[in-house]
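Working notes, structure below.
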Amino acid sequence: MKWGTSLSSLIFRPQVCGWLKDKFGVSWQIVPSNLTEMLCNPDPERAERVMKALLETKAKINMRSLKQAFEG
């Protein structure tokens with residue numbers, strides 16, 4: 001891969017929950033920086049809503065829907 005090549009140029013098959021498979025067959029997961037914080041929140045109801053919203057994700061993680069689930 002040449003320097004400056006974007007990650008999106010390597011991706012050819014999106015999968016569920018932010019998983020991607022590149023042209024070499026290597027799987028990658030794109031994880032938003034605050035996802036762990038939301039899923040590990042001490043309030044189990046908030047964390048459960050976020051997990052449910054995440055599991056409904058098809059190919060792209062929708063941060064807006066995760067934040068809405070987190071806020072209730």
Side-chain angles (χ1 to χ4, degrees):
M1 177 168 74
K2 289 197 270 183
W3 183 258
T5 302
S6 71
L7 181 61
S8 63
S9 68
L10 297 177
I11 298 167
F12 71 90
R13 194 169 49 171
Q15 300 172 332
V16 296
C17 295
W19 282 97
L20 310 162
K21 192 170 280 196
D22 68 19
K23 66 182 180 181
F24 304 108
V26 177
S27 291
W28 303 72
Q29 187 176 31
I30 307 302
V31 180
S33 60
N34 60 344
L35 181 60
T36 302
E37 181 181 325
M38 290 190 289
L39 290 172
C40 296
N41 190 278
D43 181 346
E45 289 178 10
R46 289 179 112 180
E48 187 176 334
R49 287 193 309 262
V50 172
M51 179 56 81
K52 183 178 177 187
L54 179 63
L55 293 175
E56 291 174 359
T57 299
K58 298 300 179 210
K60 293 182 181 180
I61 295 175
N62 183 331
M63 284 306 298
R64 181 177 295 149
S65 68
L66 295 182
K67 286 180 183 179
Q68 288 173 343
F70 185 74
E71 296 301 323

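Just the heavy atoms: all of them, side chains too, but no hydrogens, waters or symmetry mates, feed the values below. Residues: numbered from 1 along the sequence shown.
A heavy-atom distance below 4.5 Å is not found between the side chains of I61 and V31.
Every residue two or more places apart in sequence or in another chain that forms a side-chain contact (heavy atoms from CB on, under 4.5 Å) with N34 is listed here: P32, M38, M63, K67.
Every pair tested for salt bridge (Lys or Arg N to Asp or Glu O under 4.0 Å) that includes a residue from residues 48-57 fails, sequence neighbours excluded, so the list is empty.
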Could you pull out all donor-acceptor pairs under 3.5 Å where a side-chain atom in residues 40-47 meets a protein atom, sequence neighbours excluded?
residue: N41; atom: OD1; partner: D43; partner atom: N; Å: 2.8
residue: D43; atom: OD1; partner: E45; partner atom: N; Å: 3.0
residue: R46; atom: NE; partner: F70; partner atom: O; Å: 2.9

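With values rounded to the nearest 0.5 angstrom, L39 atom CG is found 8.0 Å from L66 atom CG.
Across all their heavy atoms, A53 and S65 have their closest contact at CB-O, 4.3 Å.
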